[in-house]
There are 2 protein chains.
Amino acid sequence: MRLTTKGRFAVTAMLDLAISEVSSEGALKPVTLAGISERQDISLSYLEQLFSRLRRQGLVSSVRGPGGGYNLAKEKADISVSAIISAVDEDIDATQCGGKEDCHGTDGRCMTHDLWATLNFKILDYLSGVSLADMVDSQQDCDVEKVVFAARKSCDSNEEAVING
Amino acid sequence: MRLTTKGRFAVTAMLDLAISEVSSEGALKPVTLAGISERQDISLSYLEQLFSRLRRQGLVSSVRGPGGGYNLAKEKADISVSAIISAVDEDIDATQCGGKEDCHGTDGRCMTHDLWATLNFKILDYLSGVSLADMVDSQQDCDVEKVVFAARKSCDSNEEAVING
DNA sequence: TAATAATTGACTAAATTACTAGGTTATTAT
DNA sequence: ATAATAACCTAGTAATTTAGTCAATTATTA
């Protein structure tokens, strides 16, 4: 698991897609990358690169030609944030020593490697529990302005978490 | 919150420090960066850069001269993983539009920005709940080999989490 | 006084990110 | 058919970040 602006762009674009594909009628209209590009201020070609990966991972489906674009390939509830980030970000290289067998004593080295691997897994585990549906839904019960300006209080976790501490 | 190899190095080094500073007697001996460098295979100068930040953030304290080195500045239980990562990684830039007031309609743009901000906060919130003590402790009840090789089963979350799905 | 080890700053190679440019292919509407 | 649309693909590149080297200085201990 790696968390950079690249992953942020991908999640943002997928959120835009999830919101935009719901047309006034019941049907789901394909959403163009040009539209996402304009709304989210992300370069079109960069989006093409990201969606190429998202499509190969089976997260979105494409329709070519006029009126074409992208749709979610699954239910919003079945697309996790971790899946989106994993699709566009290469995995963080876990260890300096790869997975070599000569590196498994009880010495400091691989003890910490293993601890990191465990933490890494837990983060992945946590983010796999957050879906696009969760994010879109939570937005509806929540004053959006407040999220950004009022000391970043999360919508559905109302406790004051300690940041940087 | 940003999660890269840089943060991994910092967490790894801090874990090494937490484990290494416990000497055979009761007293806490300072740990040299040269030692961490050798055990964890991280360049000494890079460690110096990282620990410069960790020290300024009050996570470690330093002792100069022979026999000197670094100690944790707080209890292991009071040092969270998020604090370590935040200390060495610049915050991910949250929005393309900064925090400008002209960017808060109900249009797609800032809706997704706000959703991202919320998710970002939740990740930070989660990682602020994991301390060095948690990680060091969990390692003791757990077959370390298995963590790495047996399909990455986490020590303290025994359920099979869906990866990339 | 010599050795140790943190501390600082400037500089650099490598990797990643974000983007540009220029095409091709499939599909729809005219 | 033809033109317009929009996905799809490849190569290249500027900007940024990561990871590291090198060369000093300062505080402390033996």
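Within every chain, numbering begins at 1; the chains are lettered A, B, ... in the order of the sequence lines, protein sequences first and strands thereafter.
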> dA19(D) phosphate, OP1 or OP2: any side-chain N/O from Ser45(B) under 4.0 angstrom?
Replying inline: no

>> For Gly7(A) and Gly69(B), find the nucleotide of DNA chain C closest to each by heavy atoms; which residue's nucleotide sits nearer the 5' end?
In response: Gly69(B)

>> I need the CZ-P distance between Arg8(B) and dT18(D), as an integer number of Å.
In response: 14 Å

> For Leu3(B) and dT17(D), what is the distance between atoms CG and P respectively, to the nearest whole Å?
Replying inline: 16 Å

> In whole angstroms, how far is the C1' atom of dC8(D) from the CZ atom of Arg53(A)?
Replying inline: 15 Å

> Nearest-Å distance, CG (Leu33(A)) to C1' (dT5(D))?
Replying inline: 13 Å

> Is the distance from OP1 or OP2 of dT17(C) to the nearest side-chain N or O of Thr4(A) less than 4.0 Å?
Replying inline: yes

> dA7(D) C1' sits how many Å from Phe51(A) CZ, rounded?
Replying inline: 12 Å

>> Let's go through Ser43(B) and Ser45(B) carefully: what are the C-alpha distance in whole Å and the side-chain angles of both, what is the deciding distance for side-chain hydrogen bond (donor to acceptor under 3.5 Å, both in side chains) to 0.1 Å, and is it a yes or a no?
In response: CA-CA 6 Å; Ser43(B) 107; Ser45(B) 291; 5.2 Å; no

> Does Glu48(B) offer a backbone N or O that forms a donor-acceptor pair with the side chain of Ser52(B) under 3.5 Å?
Replying inline: no

> Does the pair Asp89(A) and Arg2(A) meet the rule for a salt bridge (Lys or Arg N to Asp or Glu O under 4.0 Å), with working shown?
Replying inline: CA-CA 7 Å; Asp89(A) 269 320; Arg2(A) 169 179 272 167; 5.4 Å; no

> Within the pair Arg55(A) and dC8(D), is there a side-chain N or O less than 4.0 Å away from OP1 or OP2?
Replying inline: yes

>> Which is more 5' along DNA chain C, the nucleotide nearest Gly65(A) or the one nearest Thr32(B)? Just name the residue.
In response: Thr32(B)

>> Under 4.0 Å, heavy atoms only, any strand: does Leu44(A) hit a base, just the sugar-phosphate, or nothing?
In response: nothing

> Is Glu90(B) touching bases, backbone alone, or none of the nucleic acid, heavy atoms closer than 4.0 Å?
Replying inline: nothing

>> Please report the distance, rounded to the nearest Å, between NZ in Lys29(A) and P in dT5(D).
In response: 15 Å

> Rounded to whole angstrom units, what separation is found between the CG atom of Leu50(B) and the P atom of dT8(C)?
Replying inline: 14 Å

> Over how many whole Å does the gap from Tyr46(B) atom OH to dT17(D) atom P extend?
Replying inline: 12 Å

> Within the structure shown, what part of the strands sits under 4.0 Å from Ser62(A) by heavy-atom distance: base, sugar-phosphate, or nothing?
Replying inline: sugar-phosphate

